[in-house]
There are 2 protein chains.
Amino acid sequence: MRKIDPAKHRARRRHIVHTAAQLFAAKGFERTTTAEICKAAGMSSGNLFHYFPNKRAIFHAIFEDDAGETGESKAERLARAQAGDDPWEALLEVVDLLTADAMDPAAPPLVMEAVVQVHRDPELDALLGRDNALEHTALTTLLTRAAAAGQIDPALDPHDAATWVQALIASLYSSAAADPAFKPAEQLPVLHLILQRFLQAPPHRENAPQA
Amino acid sequence: MRKIDPAKHRARRRHIVHTAAQLFAAKGFERTTTAEICKAAGMSSGNLFHYFPNKRAIFHAIFEDDAGETGESKAERLARAQAGDDPWEALLEVVDLLTADAMDPAAPPLVMEAVVQVHRDPELDALLGRDNALEHTALTTLLTRAAAAGQIDPALDPHDAATWVQALIASLYSSAAADPAFKPAEQLPVLHLILQRFLQAPPHRENAPQA
DNA sequence: GTCTATATATAGATAGAC
DNA sequence: GTCTATCTATATATAGAC
């Protein structure tokens, strides 16, 4: 029986998405032409549009949370990291998970491109909004648990703090995208330091600077 | 004598730039057409290109540091804020200066758009690079002085810390651009808190969480 | 599934009258 | 300085053969 081979089809899609992602990262969405994608992926225009209905769909596919052949999806890994017994340790694991992608040189420009496109593309907005909500919920839960366990400043609003943890992680991407000298891997320890000092309960102190 | 009126010419340019900025913020650079800018600015295509050689030049003009009719340029205000006697106070003033623009709803999307365009536009890269270097130098100087005055953690590398202060400020823009629920004005106190805790010398503590 | 060829649209920029 | 009219290029997407 030789119907269509869905595995082959998926692999071909992946190849297109991967090729296009490099181009989108380097040149942006609108300045990357479908002709360039075709050439880089080694196929014709007619064939490319056999796999995707339009250019935008290729961009969306970059951000879809597919599990890959071997590993878990990001949502699954997030759930697992969140499940740890020690809330502070679990928080650090989640942070590591969310910062890992920043080491891929293509990721920061792609994320910036997505932020810019999100206003003009409700479908992408929904897609990334779901991701974002998932992360925010995980962080809020962990921060609440960490506060209850006396590991962080109980005066912090967990919801606001989670938003800022996300913002700090996003800094890794935006700084890398804006400045080639900024290397996420090198800056990770500083990010950890900032998170620790921000979230930690401040002990009593005498000579604090006045804000 | 009725030569050309340079003041009128500048005002007309400003009008175009301001109009275009709103459109670029809402729809991005490439998806905003010169025809739309013409219509919104109330002029013809022929006339628009009498003021600017091309569309990109309009975008550049948004980020040029012109003093406005009345006030100082941003570089001047930065120099003044930097000159204060108390380094910590001066640092806060510089931070306030650099966060002020984030309250304008058009600014965050414009900044994101600029980050994305900077890779494809060496001229814009140079323009924003100068700005960035100016701010970084100011912050590094102040952080060095503050460390010498015992106001912040002397173990921090002033150069790295300055980079992160900039990253934290940039968070205000990128978070606002990515999430409509994020209001920079409301989040400013949290930013100050993070800066204070990050930069402050940490006193000795017993029950710190382990990183 | 893959190709070649092309329809269709729309953009940025210019020419030249007033 | 401002306009109308238009040139030229290029992009996305489709049609239809193999």
Side-chain angles (χ1 to χ4, degrees), chain A residues 1-62 113 116-117 120-124, chain B residues 1-62 113 116-117 120-124:
Chain A
M1 48 201 287
R2 180 179 166 329
K3 300 199 324 207
I4 40 127
D5 185 345
K8 187 112 183 182
H9 193 266
R10 273 203 311 271
R12 204 102 176 86
R13 268 182 68 105
R14 261 179 222 284
H15 173 237
I16 294 169
V17 170
H18 181 260
T19 306
Q22 307 304 313
L23 290 168
F24 288 147
K27 326 191 10 167
F29 176 75
E30 7 257 328
R31 290 176 58 107
T32 300
T33 69
T34 54
E36 287 170 312
I37 299 173
C38 291
K39 191 180 166 193
M43 66 177 56
S44 70
S45 168
N47 203 13
L48 182 80
F49 284 99
H50 171 73
Y51 287 94
F52 293 93
N54 51 51
K55 183 176 152 185
R56 197 155 279 278
I58 306 177
F59 190 70
H60 290 174
I62 298 174
E113 192 68 28
V116 157
Q117 295 293 331
R120 300 139 210 168
D121 184 342
E123 212 174 324
L124 182 67
Chain B
M1 46 199 290
R2 179 175 165 335
K3 302 201 318 212
I4 41 128
D5 185 345
K8 185 111 183 183
H9 193 266
R10 274 203 309 272
R12 204 102 177 87
R13 269 181 68 105
R14 262 179 221 285
H15 173 237
I16 295 168
V17 170
H18 181 260
T19 305
Q22 307 304 313
L23 290 167
F24 288 147
K27 325 191 8 166
F29 177 75
E30 9 257 326
R31 289 176 58 106
T32 300
T33 69
T34 54
E36 287 171 312
I37 299 172
C38 292
K39 191 180 166 193
M43 66 177 55
S44 70
S45 168
N47 201 13
L48 182 80
F49 285 98
H50 172 72
Y51 287 94
F52 293 92
N54 51 50
K55 183 177 154 184
R56 199 155 279 278
I58 306 176
F59 190 70
H60 289 174
I62 298 173
E113 193 67 30
V116 158
Q117 294 294 329
R120 301 140 210 168
D121 184 342
E123 212 173 324
L124 183 66

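The model shown is predicted, which means the values in this text are computed figures rather than measured ones. Just so it is clear: chains get the letters A, B, ... in the order the sequence lines come, proteins before strands, and each one is counted from 1. Just the heavy atoms: all of them, side chains too, but no hydrogens, waters or symmetry mates, feed the values below.
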Exercise for the section: Take the protein atom CD1 of A/I16 and the nucleotide atom P of C/dT2, then report the distance between them rounded to whole Å. Expected result: 9 Å
Exercise for the section: Verify the neighbour count for atom NE2 of A/H18: are there more than 12 heavy atoms of other residues, nucleotides or ligands below 6.0 Å? Expected result: no
Problem - Within-4.5 Å side-chain heavy-atom neighbours: A/F24 and A/I37 - result: yes
Exercise for the section: Return the nearest nucleotide to the side chain of A/H50; candidates are C/dT2, C/dT14, D/dT2. Expected result: C/dT2
Completion exercise
Heavy-atom nearest pair, A/V116 first then B/E113, reads CG1-OE1, 3.2 Å
Exercise for the section: Determine, stepwise, if the pair B/E123 / B/R56 fulfils salt bridge (charged side-chain N to carboxylate O under 4.0 Å, His left out). Expected result: CA-CA 10 Å; B/E123 212 173 324; B/R56 199 155 279 278; over 6 Å; no
Problem - Distance, rounded to the nearest Å, where A/H15 contributes NE2 and C/dT2 contributes P - result: 12 Å
Problem - A/E30 CD - D/dA13 P separation (whole Å) - result: 12 Å
Handout entry: Ionic contact status for B/E30 with A/K27, cut-off 4.0 Å
Key = no
Problem - Integer-rounded Å distance: D/dT12 P and A/F59 CZ - result: 14 Å
Practice task
Taking all heavy atoms of A/S45 and all of A/C38, pick out the closest pair and write down the distance.
Solution key: CA-SG, 3.4 Å
Exercise for the section: Starting from P on D/dA11, measure out to NZ on A/K55 and report it in whole angstrom. Expected result: 9 Å
Practice task
Rounded off to whole Å, could you give me the CD1-to-C1' distance for the B/I58 and C/dA13 pair?
Solution key: 12 Å
Problem - Integer-rounded Å distance: D/dA13 P and A/N54 CG - result: 5 Å
Fill in the blank from the handout: Note: for A/R31 and A/P53 on DNA chain D, the residue whose nearest nucleotide lies more 5' is A/R31
Completion exercise
Rounded to whole Å, CD1 of B/I37 lies from P of D/dT2 at a distance of 17 Å
Exercise for the section: Compare every heavy atom of A/K55 with every heavy atom of A/T32, then report the nearest pair and how far apart it is. Expected result: O-NZ, 2.7 Å
Practice task
Determine the minimum heavy-atom distance between A/A61 and A/F52, stating which atoms define it.
Solution key: CB-CE2, 4.1 Å
Exercise for the section: Side chain of B/H9 only, please: which of D/dG1, C/dA13, C/dG1 is the nearest? Expected result: D/dG1
Handout entry: Where protein sits on nucleotides 3-10 of chain D, one letter per nucleotide: B base, S sugar-phosphate only, - none, heavy atoms under 4.0 Å
Key = BB------
Completion exercise
Of the candidates D/dT2, C/dA13, D/dA13, the side chain of A/F49 sits closest to D/dA13
Problem - Net bend of the helix from C/dG1-D/dC18 to C/dC18-D/dG1, end axes of five pairs each, nearest 10 degrees - result: 0°
Exercise for the section: Could you pull out the closest heavy-atom pair between A/N54 and A/F49, with the gap in Å? Expected result: CA-CE2, 3.7 Å
